[in-house]
**Student:** 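Attaching a single structure in C-alpha cells format; questions to follow.
Here the structure is a predicted model, which is why all the values come from computation and not from measurement.
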Amino acid sequence: MQAQAVNPPYVGLWTRISDFDRHDLGALLVRRRVVRIALMRSTLHLVTARDALVLRPLLADMLARTVSGLLRRHLIGVDPSELVSVATTLIQRQPLTFAELSKLLVQRWPDHHGNTMAQTVRNMVPLVQIPPRGLWDNNSNASHTTMAHWLGRELDDELSTEDFVLRYLGAFGPASVKDMQKWSGTTKLAATFERLGSRLRTYRNERGTELFDIADAPIPDAEEEVPVRFLPEFDNILLAHVDRDRIIAAEHLPLVVTNNGIVRSTILVDGFVRGRWRIDRSRDLARLCIEPFVPLTTRTVRGLTEEGMALLDFAAPEVERRDIRFEPPVAHLGTV
C-alpha cells in the first residue's frame, strides 16, 4: 500500500476488504509482520515483512540510481561505501529520525549537508520506519532502523523479475510494459515480459498499445455494475499506469494530482474517478465532504451516502456526531 501519509493505507484496505479493522493493521506493525519502507519509485510503502525482504533487493539498483545525482553534485569527497557503513552502525545502535541521523553524519563529514546525506542513506540502506509512526492517526516523527535489525532476518534475493511482473499484472493488469516501469521505477522490462511468453495474454487498447495480463486472469463484463468506492490519498490504482484515462478523465486529473505530487482522496462511480472527498473534524463532529466533478444521479448519491456513513464509522468512531455534505460539482460534464 502506498504510504506517504499515515492513514491512507488503512482506508485503502477498508475500501477493499470486508470487515477490515484498523487495529489489526496496527497490531501487525507493532508485531513486525508489516513494515513501512521506501520501495517502488523510491516512495514509502506499507508491505508485509516477507515482501519487504524480497522486494528491496530487487529494487536496490533503482533506489541507488535515484540518489546518484546527490552523490555526484552535493557529496563530493564522501565515499558511498563509508557513508553506508557509518550510517548503518549509527542507526542500528538506536533508532534515529533523519534529523538525528543528519546531525551525527555531519560530525563525520562537517563540510556536507546532513539532510542530503541522510536522504542518500535512505535509498542505499534498507531502512524501515518503526512504530508508533504508521499507527492510525500517529504522525510523530519517524524513527528508522535497518530492516535486517528490525526483522531479525537478512534480505532475500529469491524473487525473480518474472515473478515481480506477474505480481504487478495480478494487481493492475491488463497493462503495458511502460505502465509497469512507471509504477515500479524500474527500466528495461520488455525482455522480462517476452520471457513470460504463454504465461501472459495480450490485448490492444484503443490506441493500439500492447497490453499484457496473466493468461487465466478473469476479465469482467463491461456491463457489470460496480459499487461506489472511496479511495484514499495516494492510492496505487491512480499511480499504476502511464495511461490514467482508464480510470480518470484527463480534464479531472489536475483536480486530483497536484503539481507537487499530492494525490487526493477520490470517489469511484462505475469504476471511474468522479470526484474527491475529505473528512473535516472538530471536537464533536466528523463531516464527510464529497466534491463531485460531475452532477450525480439520485441513485449515485444514495450509494455514496450509504458507503460514506460506513467510512465515517470506520475513520471517526469516537466522534459522536457524523454527517455528509455534497458540495457543488467542480465541472459540469454530464451526469453519472
Side-chain angles (χ1 to χ4, degrees), residues 1-3 9 12-13 15-18 34-35 37-43 45-66 126 153-227 229 231 234-248 250 268 270-273:
M1 307 295 292
Q2 191 97 353
L13 290 171
T15 203
R16 291 169 168 87
I17 300 174
S18 298
V34 167
V35 296
I37 183 173
L39 290 171
M40 285 70 70
R41 304 181 307 284
S42 186
T43 54
H45 281 74
L46 190 72
V47 297
T48 65
R50 179 60 190 150
D51 276 354
L53 289 166
V54 297
L55 284 171
R56 185 54 175 75
L58 197 66
L59 298 167
D61 288 344
M62 177 274 294
L63 290 163
R65 285 197 307 273
T66 303
R153 286 179 282 170
E154 295 300 322
L155 277 65
D156 189 336
D157 61 1
E158 72 175 26
L159 184 70
S160 67
T161 309
E162 288 80 2
D163 288 335
F164 190 36
V165 168
L166 291 172
R167 292 192 59 177
Y168 167 79
L169 293 176
F172 303 114
S176 69
V177 174
K178 288 184 178 179
D179 286 333
M180 182 173 179
Q181 291 180 164
K182 176 74 171 180
W183 171 80
S184 65
T186 56
T187 59
K188 301 178 181 178
L189 291 178
T192 304
F193 277 74
E194 185 175 349
R195 286 196 300 272
L196 285 166
S198 61
R199 299 177 69 181
L200 302 182
R201 183 188 299 170
T202 59
Y203 304 88
R204 294 278 176 184
N205 66 11
E206 294 83 352
R207 298 183 179 88
T209 303
E210 187 174 30
L211 304 178
F212 300 85
D213 206 350
I214 297 172
D216 57 355
I219 300 295
D221 191 302
E223 302 303 317
E224 182 177 345
E225 292 189 16
V226 294
R229 285 288 182 262
L231 297 183
F234 303 107
D235 196 277
N236 257 319
I237 201 170
L238 290 169
L239 299 167
H241 305 92
V242 174
D243 179 12
R244 293 180 180 177
D245 64 9
R246 64 168 60 200
I247 190 171
I248 182 171
L268 295 185
D270 196 28
F272 289 88
V273 172

**Student:** Using every non-hydrogen atom in the two residues, find where Ala52 and Ile37 come nearest and quote the distance to one decimal.
**Tutor:** CB-CG2, 4.4 Å
**Student:** Under the side-chain contact (heavy atoms from CB on, under 4.5 Å) rule, collect the residues that match up with Thr66, sequence neighbours excluded.
**Tutor:** Ser42, Met62, Asn123
**Student:** Tell me the closest heavy-atom pair linking Tyr168 and Ala240, and the distance in Å.
**Tutor:** OH-O, 2.6 Å
**Student:** Once rounded to the nearest 0.5 Å, what's the spacing between atom CZ of Arg41 and atom CG of Asn236?
**Tutor:** 5.5 Å
**Student:** Provide the closest heavy-atom pair for Gln2 versus Phe234 in the form atom of the first, atom of the second, distance.
**Tutor:** CB-O, 3.0 Å
**Student:** Measuring from Leu63:CG to Met40:CE, what's the distance to the nearest 0.5 Å?
**Tutor:** 10.0 Å
**Student:** According to side-chain contact (heavy atoms from CB on, under 4.5 Å), who are the partners of Asp243, at least two apart in sequence or on a separate chain?
**Tutor:** Asn205, Arg207, Asp245
**Student:** For Glu224, give me all partners under side-chain hydrogen bond (donor to acceptor under 3.5 Å, both in side chains), at least two apart in sequence or on another chain.
**Tutor:** none
**Student:** Starting at CG of Leu238, measure out to CD1 of Ile248 and round the result to the nearest 0.5 Å.
**Tutor:** 6.0 Å
**Student:** The criterion is salt bridge (charged side-chain N to carboxylate O under 4.0 Å, His left out); which residues satisfy it with Arg199, sequence neighbours excluded?
**Tutor:** none
**Student:** Using the side-chain contact (heavy atoms from CB on, under 4.5 Å) criterion, which residues pair with Glu223? Sequence neighbours excluded.
**Tutor:** Asp221
**Student:** Taking all heavy atoms of Phe172 and all of His241, pick out the closest pair and write down the distance.
**Tutor:** O-NE2, 2.8 Å
**Student:** Answer whether the closest heavy-atom distance between the side chains of Pro126 and Leu155 falls below 4.5 Å.
**Tutor:** yes
**Student:** Step through the shown structure and confirm whether more than 12 heavy atoms of other residues, nucleotides or ligands are within 6.0 Å of CD on Glu162.
**Tutor:** yes
**Student:** Using side-chain contact (heavy atoms from CB on, under 4.5 Å) as the criterion, list what pairs up with Pro227, not counting sequence neighbours.
**Tutor:** Arg229
**Student:** Kindly indicate whether the side chain of Val34, heavy atoms from C-beta on, has any atom under 4.5 Å from the side chain of Val47.
**Tutor:** no
**Student:** Return all side-chain donor-acceptor pairs below 3.5 angstrom for residues 208-219, not counting sequence neighbours, or 'none' if the list is empty.
**Tutor:**
none

**Student:** Enter the distance from Arg201:CZ to Leu196:CG here, rounded to the nearest 0.5 Å.
**Tutor:** 14.5 Å
**Student:** Residues in salt bridge (charged side-chain N to carboxylate O under 4.0 Å, His left out) with Arg65, at least two apart?
**Tutor:** none
**Student:** Among all residues two or more places apart in sequence or in another chain, which pass the salt bridge (charged side-chain N to carboxylate O under 4.0 Å, His left out) test with Arg16?
**Tutor:** Asp235
**Student:** Is the shortest side-chain heavy-atom distance between Leu239 and Arg244 below 4.5 Å?
**Tutor:** yes
**Student:** Can you list everything that forms a side-chain hydrogen bond (donor to acceptor under 3.5 Å, both in side chains) with Asp156? Sequence neighbours excluded, please.
**Tutor:** Arg50
**Student:** Is there a side-chain contact (heavy atoms from CB on, under 4.5 Å) between Val54 and Asp157 once you walk through the steps?
**Tutor:** CA-CA 6 Å; Val54 297; Asp157 61 1; over 6 Å; no
**Student:** With sequence neighbours excluded, what pairs up with Arg167 under the salt bridge (charged side-chain N to carboxylate O under 4.0 Å, His left out) test?
**Tutor:** Asp51
**Student:** Run the side-chain hydrogen bond (donor to acceptor under 3.5 Å, both in side chains) test against Ser184 and tell me which residues pass, sequence neighbours left out.
**Tutor:** Thr186
**Student:** As an exercise, state the distance from CG of Asp163 to CG of Leu58, rounded to the nearest 0.5 Å.
**Tutor:** 9.5 Å
**Student:** To the nearest 0.5 Å, how far apart are CG in Leu231 and CG in Leu268?
**Tutor:** 4.0 Å
